[in-house]
Amino acid sequence: MNCLGNMNLLDEKRPRIGVFASQVQDPTLDIIREQWARAKGRQHKCLVSTFHSKAEIEILYFALKFGGYAIWIMGCSLPAELPKFAEKYVKRGKLLIVSCFHLEHHNIYTARYCCQLSSMACGHLVFFSRKENGMLTPIYERAKSHGKWIESF
């Protein structure tokens with residue numbers, strides 16, 4: 001496992017929220033997602049996700065910008081160069097980036113594995129635009145069967 005950033009985010013007793021957002025484009029949902037991320041940032045919450053989709057990256061950006069923390073679980077190797085906004089939050093101790101793989105790009109299998117890790121690390125999960133029988137359905141069903149707090153938008 002390779003890590004970059006604040007390792008204490010793994011050990012802290014701070015509650016963590018797993019975040020899952022599909023690629024679906026919906027202007028109304030975009031606003032809801034942004035407001036949700038800003039609110040979680042102001043509450044200094046720690047979000048955990050693969051932050052792979054454009055929607056998830058936006059959630060990461062707004063949560064960090066407004067005071068939150070995040071654990072980014074990647075399905076590939078750590079990048080040679082981080083996005084500029086991420087670099088700043090790694091240095092400030094608000095972001096931890098974790099990679100369990102030595103691959104140039106993620107694939108469906110590493111993506112699923114990382115989504116499961118994100119879910120397992122959190123007691124509260126939030127889904128934006130979850131499709132029936134989509135990739136997130138097994139994560140949703142497992143979390144539901146384990147009594148995790150789930151929100152869906």
Side-chain angles (χ1 to χ4, degrees), residues 1-27 29-107 110-130 135-136 139-140 142-143 146 148-153:
M1 183 167 88
N2 294 311
C3 299
L4 180 62
N6 184 355
M7 291 291 291
N8 291 328
L9 293 175
L10 291 175
D11 299 326
E12 288 181 343
K13 298 295 181 202
R14 175 190 317 269
R16 294 184 287 255
I17 303 170
V19 179
F20 305 93
S22 72
Q23 302 281 7
V24 173
Q25 295 286 318
D26 177 346
L29 189 58
D30 292 348
I31 293 167
I32 292 168
R33 229 183 10 251
E34 181 181 331
Q35 290 175 342
W36 182 90
R38 286 172 181 242
K40 296 308 168 200
R42 284 185 196 102
Q43 296 165 7
H44 306 289
K45 299 293 184 181
C46 183
L47 306 182
V48 181
S49 181
T50 61
F51 297 112
H52 177 71
S53 71
K54 181 179 182 275
E56 289 170 345
I57 289 291
E58 288 172 356
I59 290 168
L60 173 65
Y61 172 80
F62 286 113
L64 291 171
K65 181 178 178 179
F66 284 87
Y69 297 82
I71 300 172
W72 186 346
I73 302 177
M74 301 186 96
C76 58
S77 298
L78 292 174
E81 191 173 315
L82 294 175
K84 289 289 180 209
F85 83 91
E87 220 175 86
K88 174 171 58 174
Y89 294 108
V90 164
K91 288 178 184 172
R92 290 183 184 173
K94 293 192 162 270
L95 177 61
L96 173 65
I97 303 172
V98 178
S99 168
C100 300
F101 301 98
H102 298 287
L103 302 170
E104 190 172 338
H105 300 286
H106 78 278
N107 58 48
T110 62
R112 283 184 177 158
Y113 180 80
C114 291
C115 284
Q116 288 292 350
L117 285 178
S118 298
S119 173
M120 290 168 34
C122 303
H124 178 177
L125 304 181
V126 178
F127 294 88
F128 292 93
S129 301
R130 187 179 65 83
M135 186 175 119
L136 298 177
I139 293 159
Y140 176 86
R142 182 174 291 134
H146 285 96
K148 292 193 180 208
W149 180 15
I150 299 171
E151 287 182 81
S152 292
F153 293 91

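Quantities reported herein were computed from a predicted structural model and do not represent experimental measurements.
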Exam field: side chain Ser53 to backbone Ala21, donor-acceptor pair closer than 3.5 Å: yes

Candidates Ile71, Leu47, Leu82, Leu60 - the one meeting side-chain contact (heavy atoms from CB on, under 4.5 Å) with Leu95: Leu60

Nearest-0.5 Å distance that lies between atom CZ in Phe153 and atom CZ in Phe127: 12.0 Å

Closest non-hydrogen atom pair between Cys100 and Leu117, with its separation: SG-CD1, 4.1 Å

Within 6.0 Å of CZ in Phe101, more than 12 heavy atoms from elsewhere: yes

Note, Met74 side chain near Thr50 side chain (heavy atom, < 4.5 Å): no

Spacing of CG belonging to Leu96 relative to CD belonging to Glu12, to within rounding of 0.5 Å: 10.5 Å

Minimum heavy-atom distance between Thr110 and Gly75, given as atom pair plus value: OG1-O, 2.8 Å

Within the 6.0 Å centroid threshold, strictly below: Phe128 and Trp36: yes

Side chain proximity check, Lys84 to Lys88, heavy atoms < 4.5 angstrom: no

Min side-chain heavy-atom separation Asn2-His102 under 4.5 Å: yes

All N/O donor-acceptor pairs, side-chain side in residues 3-11, below 3.5 Å, sequence neighbours left out:
residue	atom	partner	partner atom	Å
Asn6	OD1	Asn8	N	2.9
Asn6	ND2	Gly93	O	2.7

Derivation and outcome, side chain to side chain contact (heavy atoms under 4.5 Å, CB included), residues Ser49 and Ile59: CA-CA 10 Å; Ser49 181; Ile59 290 168; over 6 Å; no

Ser118 (side chain) donor-acceptor with Gly18 (main chain) under 3.5 angstrom: no

Atom OH of Tyr113 with >12 non-hydrogen neighbours under 6.0 angstrom: no

Check: Ile17 and Val126 side chains under 4.5 Å, non-hydrogen atoms: yes

Closest approach of Ala143 to Ser119 (non-hydrogen atoms, all atoms of both residues): CB-OG, 4.4 Å

Test side chain to side chain contact (heavy atoms under 4.5 Å, CB included) applied to Phe66 and Lys40, step by step: CA-CA 8 Å; Phe66 284 87; Lys40 296 308 168 200; over 6 Å; no

Non-hydrogen atoms of Leu136 and Cys115 that approach each other most closely: CD2-SG, 4.3 Å

Short side-chain to backbone donor-acceptor contact, Lys148 and Cys122, under 3.5 Å: yes

Intermediate values then yes/no, side chain to side chain contact (heavy atoms under 4.5 Å, CB included), Trp149 and Leu125: CA-CA 6 Å; Trp149 180 15; Leu125 304 181; over 6 Å; no

Ser99 side chain to Cys76 backbone, donor-acceptor under 3.5 Å: yes

Any residue meeting salt bridge (Lys or Arg N to Asp or Glu O under 4.0 Å) with Asp26, in chain and number order, not counting sequence neighbours: none

Ser77 (side chain) donor-acceptor with Leu103 (main chain) under 3.5 angstrom: yes

Pairs touching residues 41-57 that satisfy salt bridge (Lys or Arg N to Asp or Glu O under 4.0 Å), sequence neighbours left out: Lys54-Glu58

Distance-minimising heavy-atom pair for Trp72 and Pro83: CH2-CG, 4.3 Å

Derivation and outcome, side chain to side chain contact (heavy atoms under 4.5 Å, CB included), residues Gln116 and Ile139: CA-CA 6 Å; Gln116 288 292 350; Ile139 293 159; 3.4 Å; yes

Minimum side-chain heavy-atom gap Gln35-Phe62 below 4.5 Å: no

Face-on cation placement of Arg14 at Tyr69 ring, 6.0 Å and 45° thresholds: yes

